[in-house]
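Shown next, in structure tokens, is the structure this report addresses.
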Amino acid sequence: MLDKIRIAAAGELPPLYLPHLGSGFDGRCLNFLGVKYEDVRQRVLAGESDEKVFEWCMAHGRKPTEEDIETWSGFMMKRGWRDEASERIAFRLKEAGLEHRDKDVVTMFDFIEVDEGRTPPDFRKWEPPRFA
């Protein structure tokens with residue numbers, strides 16, 4: 001989210017992303033931390049580092065426990081895998097002209113990796129051996 005804020009300010013964010021700034025995964029993160037997008041955006045545009053912005057969020061939002069962070073991170077890493085967001089992945093692949101990569105994309109983070117030209121991790125390593 002912080003990189004997108006910086007890239008948007010430089011006029012280099014693809015137009016498709018602009019209407020979604022502060023929503024989607026960004027919105028989930030903001031809700032988790034208990035802060036508002038505009039407040040985070042102002043700090044980023046003032047030149048603060050990612051670490052400083054995070055410190056500000058911890059001081060002015062909610063303070064999640066280690067367990068909260070582990071649970072939230074696990075949820076986000078698996079978003080789209082065997083849940084209601086699976087259909088969204090198929091839609092995004094088609095929208096991006098990447099339908100041929102459907103076997104490589106299981107989660108929304110996988111989609112982001114492929115959409116931005118990177119190779120997602122091999123998700124099969126997390127499958128039980130009986131499925132391999």
Side-chain angles (χ1 to χ4, degrees):
M1 171 175 46
L2 306 184
D3 288 340
K4 285 190 292 185
I5 291 169
R6 292 179 185 107
I7 293 167
E12 298 173 3
L13 191 68
L16 179 65
Y17 290 93
L18 293 173
H20 307 289
L21 291 172
S23 64
F25 276 5
D26 296 350
R28 284 185 180 271
C29 181
L30 295 163
N31 289 337
F32 179 70
L33 295 174
V35 294
K36 296 190 181 310
Y37 177 77
E38 193 51 43
D39 295 335
V40 171
R41 183 178 175 276
Q42 286 176 353
R43 302 200 82 74
V44 170
L45 295 180
E48 290 189 9
S49 68
D50 291 0
E51 293 78 13
K52 288 291 183 190
V53 173
F54 183 67
E55 287 173 16
W56 180 89
C57 290
M58 292 291 102
H60 294 87
R62 83 182 269 267
K63 294 171 185 65
T65 66
E66 289 295 320
E67 187 172 349
D68 292 337
I69 293 169
E70 180 182 359
T71 301
W72 186 80
S73 296
F75 168 78
M76 293 301 289
M77 285 180 13
K78 295 174 184 142
R79 188 71 174 142
W81 181 64
R82 297 180 178 179
D83 65 21
E84 68 278 358
S86 295
E87 292 179 16
R88 182 74 178 154
I89 292 172
F91 171 81
R92 293 298 307 272
L93 285 167
K94 184 174 182 179
E95 178 183 56
L98 295 168
E99 299 101 319
H100 64 284
R101 300 293 304 270
D102 68 326
K103 300 291 187 223
D104 300 322
V105 176
V106 177
T107 68
M108 287 302 294
F109 284 161
D110 293 344
F111 171 77
I112 292 167
E113 292 297 299
V114 168
D115 188 46
E116 294 181 358
R118 295 180 298 272
T119 301
D122 183 357
F123 62 87
R124 292 172 293 186
K125 72 181 179 181
W126 291 291
E127 290 287 352
R130 67 182 183 276
F131 295 140

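Residues satisfying the salt bridge (Lys or Arg N to Asp or Glu O under 4.0 Å) criterion with Asp115, sequence neighbours excluded, are absent altogether. Contacts of His60 classified as ring-ring contact (aromatic ring centres under 6.0 Å, His included), with partners at least two apart in sequence or in another chain: Trp56. Judged as a salt bridge (Lys or Arg N to Asp or Glu O under 4.0 Å), and not counting sequence neighbours, the contacts of Glu84 are Arg79. For Asp50, the salt bridge (Lys or Arg N to Asp or Glu O under 4.0 Å) partners at least two apart in sequence or on another chain are Arg6.
Taking all atoms of both residues into account, the shortest heavy-atom contact from Ser86 to Gly80 is OG-O, 2.7 Å. Closest heavy-atom contact between Val114 and Leu98: CG1-CD1, 3.9 Å. Heavy-atom minimum distance, Asp83 versus Lys78: OD2-O, 3.9 Å.
Counted by atom type alone, Asp68 and Thr65 present one or more donor-acceptor pairs between their side chains at under 3.5 Å.
Counted within 6.0 Å of CD on Glu87, heavy atoms from surrounding residues, nucleotides or ligands total 12 or fewer; the atom is thus considered open. Phe109 CZ: more than 12 foreign heavy atoms inside a 6.0 Å radius. A 6.0 Å sphere centred on CD of Glu116 holds more than 12 heavy atoms belonging to other residues, nucleotides or ligands.
Between the CG atom in Asp110 and the CZ atom in Arg101 there is a gap of 10.0 Å [rounded to 0.5 Å]. Atom CG in Leu16 sits 5.0 Å away from atom CD in Glu95 (nearest 0.5 Å). One distance of note links CG of Leu2 with NZ of Lys4; it measures 10.0 Å at 0.5 Å rounding. Interatomic distance, CD of Glu99 versus NZ of Lys94, reported as 6.5 Å (0.5 Å rounding). Summarising the geometry, atom SG belonging to Cys57 is positioned 13.0 Å from atom NZ belonging to Lys52; distances are rounded to the nearest 0.5 Å. Within the model, atoms CE of Met77 and CH2 of Trp72 stand 11.5 Å from one another, a figure rounded to the nearest 0.5 Å.
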**OP:** Give the intermediate values and the outcome of side chain to side chain contact (heavy atoms under 4.5 Å, CB included) for residues Leu18 and Leu13.
**Re:** CA-CA 7 Å; Leu18 293 173; Leu13 191 68; 3.7 Å; yes

Original post:
Could you go step by step and tell me if Glu113 and Thr119 meet the side chain to side chain contact (heavy atoms under 4.5 Å, CB included) rule?
Top reply: CA-CA 6 Å; Glu113 292 297 299; Thr119 301; over 6 Å; no

Show me the donor-acceptor pairs within less than 3.5 Å that the side chains of residues 28-37 make with the rest of the protein, sequence neighbours left out.
from: Asn31; atom 1: ND2; to: Gly27; atom 2: O; distance (Å): 3.3

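The backbone N or O of His20 sits less than 3.5 Å from a side-chain atom of Ser23, completing a donor-acceptor pair.
The ring-ring contact (aromatic ring centres under 6.0 Å, His included) analysis of residues 83-107, with sequence neighbours excluded, yields no pairs.
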